[in-house]
Number of protein chains: 2
Amino acid sequence: MVTKQLKGTPEDADLTRADSLAREIFSDIANKWALLIIDALGERTLRFTGLRAEVEGISHKMLTQNLRMLERNGLVERTVHPTVPPRVEYALTEPGRDLRKTVHWMCDWTHQHFHHIEGARRRFDG
Amino acid sequence: MVTKQLKGTPEDADLTRADSLAREIFSDIANKWALLIIDALGERTLRFTGLRAEVEGISHKMLTQNLRMLERNGLVERTVHPTVPPRVEYALTEPGRDLRKTVHWMCDWTHQHFHHIEGARRRFDG
DNA sequence: CGGTATCCTGAACGATACTG
DNA sequence: CAGTATCGTTCAGGATACCG
């Protein structure tokens, strides 16, 4: 679980470390842009500009920031072709593709409960 | 899919509406606090204060805000007992519990790829 | 083309105080 | 106890400009 912090007895040292790392990764990944980027990449290899076109509404800055973060966490692989002008390609790693399934489950969930959500909103707003 | 916007021919009107709603819901839910709250609630019914204790590090304000949002989207049910002092209970709805599975998949994913991630980070940071 | 750096604005957030 | 409101700060994030 991510929510609960274990108490720090020496024996738990590894567990707490794992736990806090899990929490850290969770905070990294559980954000709109990161998940949209992962979804957009899919099985393809995309260049920076192409990727930006795929992720509706993302800014240059947010894209670079999130790509660095995803690369750091080993979700995205970045390949630089030292040509002029430079050609940089992004693709999901195996764990990245794996996580992408989760994103899809979230999308499925949205569509599945579409009416429930619409109804709840109408009731709440009115 | 959530990333791509359909072009607005009249026939697609419902689809684009559904799509933009999906995107909206996605933006609502794909955030750290919302997911942590959903995870923390689990199968239980919790009161405001209890819930706050469960979600490590969340502020009073963030908790209320996110709870309102989750209620609005029909993920959380809020029950007020008109006593003094008031007793307000929160629980996941069926769609909410359903989405919670997704959160767990994300957690599982984290643990599964733990070493990969740690390695990637070391390589990236050094 | 892709990336970094700088600046600037508005939103997110925390702290605090007040109400039923 | 739970919730709203207000204020002040911090920080995310957009715009712009410049480098490889």
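Just so it is clear: chains get the letters A, B, ... in the order the sequence lines come, proteins before strands, and each one is counted from 1.
With sequence neighbours excluded, the residues that form a side-chain contact (heavy atoms from CB on, under 4.5 Å) with B:Arg52 are B:Ile58, B:His60, B:Leu63.
Other residues, nucleotides and ligands contribute at most 12 non-hydrogen atoms within 6.0 Å of the NE2 atom of B:His115.
Checked by atom type and distance alone, the side chain of A:Trp109 pairs as donor or acceptor with a backbone atom of B:Pro95 at under 3.5 Å.
For the pair B:Tyr90 and D:dG3, the criterion of a side-chain N or O lying under 4.0 Å from OP1 or OP2 is met. Between B:Arg52 and the phosphate of D:dA2, there is no side-chain N or O to OP1/OP2 separation shorter than 4.0 Å. At D:dA2, none of the side-chain N or O atoms of B:Arg78 fall inside 4.0 Å of OP1 or OP2 (strictly under the cut-off). Phosphate contact (OP1/OP2 of D:dA2, side-chain N/O of B:Arg47, threshold under 4.0 Å): present.
Minimum interatomic distance between B:Asp39 and B:Arg100 (heavy atoms only, all atoms of both residues): O-NE, 3.1 Å.
Using cut-offs of 30° and 60° on the angle between ring planes, the pair B:His116 and B:His113 is perpendicular.
Here the side chain of A:Arg68 is nearest to one of D:dA2, D:dG3, C:dT4, namely C:dT4.
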| task | Given salt bridge (Lys or Arg N to Asp or Glu O under 4.0 Å), test A:Arg121 with B:Asp28 step by step and report yes or no. | result | CA-CA 13 Å; A:Arg121 284 191 170 195; B:Asp28 271 1; 3.6 Å; yes
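Counting distance only, with no hydrogens placed and no angle test, the side-chain atoms of B:His60 and the base atoms of D:dG3 include a donor-acceptor pair under 3.5 Å.
In this model, no donor atom of one side chain and acceptor atom of the other lie less than 3.5 Å apart for B:Asn31 and A:Asn31.
We find that CG of B:Asn31 is positioned 14 Å from P of D:dA12, with the value rounded to whole Å. Regarding B:Leu46, its CG atom lies at a distance of 10 Å from the P atom of D:dA2, rounded to whole Å.
A salt bridge links B:Glu94 with B:Arg97: the distance from a Lys NZ or Arg NE/NH1/NH2 to an Asp or Glu carboxylate oxygen falls below 4.0 Å.
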Polar atom pairs between nucleotides 7-13 of chain C and protein, under 3.5 Å, N or O only, would you list them?
unit_1	atom_1	unit_2	atom_2	d
C:dC13	N4	B:Lys61	NZ	3.2

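Residues from residues 81-89 of chain A with heavy atoms under 4.0 angstrom of DNA chain D, sorted by number: A:Pro86.
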Output a table of donor-acceptor pairs, distance under 3.5 Å, between side-chain atoms of residues 41-48 of chain A and any protein atom two or more places apart or on a different chain; print 'none' if there are none.
unit_1	atom_1	unit_2	atom_2	d
A:Arg44	NH2	A:Ala40	O	2.7

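Helical stems in DNA chain C, defined as runs of 3 or more consecutive Watson-Crick or G-U wobble pairs with both donor-acceptor distances under 3.5 Å, are listed by first residue as C:2-20 with D:1-19.
Within the structure, salt bridge (charged side-chain N to carboxylate O under 4.0 Å, His left out) pairs that include any residue of residues 77-89 of chain B comprise B:Arg87-B:Glu89 (at least two apart or interchain).
By the 4.5 Å heavy-atom criterion applied to side chains, B:Arg122 and B:Ile117 are not counted as neighbours.
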